[in-house]
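Working notes, beginning with the structure itself.
The analysis underlying the following values was restricted to heavy atoms, covering all of them including side chains, and did not include hydrogens, waters or symmetry mates.
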Amino acid sequence: MILAIDLGNTNVTFGCLDDKTGGTIFEERIHTDFESTSMEYAVKMKNIMDIRGVKVKDISGGILSSSVPPVTRQVKNAAEMIINKPIIEVGPGIKTGVDIKIDDPASLGPDLLVGAVAGLEQYGAPLILIDMGTATTISVINDQRRFMGGMIIPGVKVSVNGLTAHAAHLPDIAIKLPDKLINGSTVGAMQSGSVYGHASCIDGMVERIWDELGYKTAVVATGGFARTVIPCCKTDITIDSELLIKGLFILYNKNKGRV
């Protein structure tokens, strides 16, 4: 088995994959805590692995992608303590097979790189990738398989938090689909605005990208809010919740000889 970890601003997503087929054995999330030590992360992850029936002796290696530099060392150390093997970290110098055509390729977020690797492998090109977490990122791969860049949009929860922080009479809400679009309650209206509003934003961005490219692409979405928002989009979008884990597996196989 391979241990794959995607460290984001909100959650640490981790799981084990079959080292031959890449099939997901399990995938779980724990909250990203900037105050937790390596040992505290190790305890949380190991407890989940035990519950899932994963035996550490069966794990042959691991790989980590992090968008949160202040927590990277703690999580990487935790994983290495658990499996007692070095963990590959996605970053500059790693073999990807992706042709990156942005102003500063070294500045590309590891999560976007991992998503691009998996997207090209699973869905080909041209392709639009949408990752809906703390931020909603949209990445564009053209018909020549080149990563062209994209957009970064405040995420669904970030947008709602910003609204409630500056409007005293608006409550904090759960991000979920309301019972109707035109809503008569304050909570329902906020949920409608956050979910359908974000869906409309994605539809509009995809149309603008297609216009700029001059052709249509496949569109794939992942991330914690994808299953809530994407079904409300008018665009045909595939939801792939395991996209980043799949990308980490591909990168592990490309780079495992380096550790």
Side-chain angles (χ1 to χ4, degrees), residues 6-15 27-34 65-68 71 108-116 118-119 127-140 149-210 217-245 247:
D6 177 55
L7 172 51
N9 287 286
T10 303
N11 292 309
V12 181
T13 303
F14 71 102
E27 179 185 347
E28 293 290 350
R29 287 176 169 82
I30 58 175
H31 180 64
T32 302
D33 186 349
F34 286 74
S65 166
S66 174
S67 303
V68 195
V71 189
L108 181 63
D111 54 337
L112 302 184
L113 178 58
V114 173
L127 181 64
I128 294 173
L129 295 168
I130 303 166
D131 191 346
M132 304 187 67
T134 303
T136 295
T137 60
I138 303 177
S139 303
V140 181
M151 307 88 195
I152 302 175
I153 304 164
V156 183
K157 187 61 176 176
V158 168
S159 298
V160 171
N161 288 345
L163 178 63
T164 57
H166 293 88
H169 293 292
L170 295 180
D172 189 21
I173 61 168
I175 306 298
K176 64 179 185 178
L177 188 66
D179 56 352
K180 52 187 175 181
L181 175 67
I182 303 172
N183 214 289
S185 71
T186 298
V187 170
M190 291 175 67
Q191 289 172 333
S192 182
S194 61
V195 175
Y196 285 108
H198 216 76
S200 298
C201 172
I202 289 170
D203 283 331
M205 293 303 291
V206 169
E207 286 288 344
R208 287 173 181 268
I209 293 167
W210 287 347
T217 70
V219 187
V220 177
T222 192
F225 292 108
R227 291 197 177 278
T228 302
V229 174
I230 295 304
C232 299
C233 292
K234 293 183 177 180
T235 308
D236 182 15
I237 302 175
T238 300
I239 299 174
D240 188 342
S241 300
E242 298 179 350
L243 187 71
L244 295 186
I245 292 291

Study note, to complete from the structure: Scanning both residues in full, the closest heavy-atom pair of I209 with I138 reads CD1-CG2, 3.7 Å

Check your understanding: Which atom names give the shortest non-hydrogen contact between S194 and V160, and what distance separates them?
Key -> CB-CG2, 3.7 Å

Check your understanding: Under the side-chain contact (heavy atoms from CB on, under 4.5 Å) criterion, do V195 and F225 qualify, and how do the steps go?
Key -> CA-CA 9 Å; V195 175; F225 292 108; over 6 Å; no

Practice item. Considering non-hydrogen atoms only, spot the tightest contact between D236 and V219 and give its length. Key: O-CB, 4.1 Å

Review point. Tell me the side chain to side chain donor-acceptor pair (under 3.5 Å) pairs involving residues 150-165, sequence neighbours left out?
Key: K157-D172

Review point. Say you draw a straight line from OG of S139 to CE of M151; how long is it, rounded to the nearest 0.5 Å?
Key: 9.0 Å

Review point. Which heavy-atom pair separates S192 from L181 by the least distance, and what is that distance?
Key: OG-O, 2.6 Å

Point to revise | Nearest-0.5 Å distance that lies between atom CD1 in I245 and atom OG1 in T222 | key: 9.5 Å

Check your understanding: From E28 CD over to F14 CZ, what is the distance, rounded to the nearest 0.5 angstrom?
Key -> 6.5 Å

Review point. Atom CD1 of I175 and atom CE of M132: how far apart are they, to the nearest 0.5 Å?
Key: 10.0 Å

Exercise for review: Step by step, work out the side-chain contact (heavy atoms from CB on, under 4.5 Å) result for T136 and D131.
Suggested key: CA-CA 6 Å; T136 295; D131 191 346; over 6 Å; no

Check your understanding: Do I230 and I202 have side-chain heavy atoms sitting under 4.5 Å apart?
Key -> yes

Check your understanding: Do the side chain of D6 and the main chain of T13 share a donor and acceptor less than 3.5 angstrom apart?
Key -> no

Review point. Taking only residues two or more places apart in sequence or in another chain, which ones pass side chain to side chain donor-acceptor pair (under 3.5 Å) with E242?
Key: T24

**Study point:** Between CD1 on residue I30 and OG1 on residue T10, distance to nearest 0.5 Å
**Key:** 13.0 Å

**Study point:** Stepwise side-chain contact (heavy atoms from CB on, under 4.5 Å) test for H31 and V12
**Key:** CA-CA 6 Å; H31 180 64; V12 181; over 6 Å; no

Review point. Do side-chain atoms of Q191 reach the backbone of A174 as a donor and acceptor pair under 3.5 angstrom?
Key: yes

Point to revise | Qualifying residue, where the test is side-chain contact (heavy atoms from CB on, under 4.5 Å) with L7 and the options are S65, S66, P110 | key: S66

Study note, to complete from the structure: Between the OG1 atom in T137 and the CD1 atom in I153, the distance rounded to the nearest 0.5 Å is 8.5 Å

Check your understanding: Would N183 and S185 count as having a side-chain donor-acceptor pair, cut-off 3.5 Å?
Key -> yes

Check your understanding: Picking from T235, V206, V220, what satisfies side-chain contact (heavy atoms from CB on, under 4.5 Å) with I128?
Key -> V206

Check your understanding: Can you check side-chain contact (heavy atoms from CB on, under 4.5 Å) on L129 and L243, steps first, answer last?
Key -> CA-CA 10 Å; L129 295 168; L243 187 71; 4.0 Å; yes

Check your understanding: Between P171 and T186, what is the shortest heavy-atom contact and its length?
Key -> CD-CG2, 4.0 Å

Check your understanding: Considering all heavy atoms of both residues, which atom of T32 and which atom of G8 are nearest to each other, and what is their separation?
Key -> OG1-O, 2.7 Å

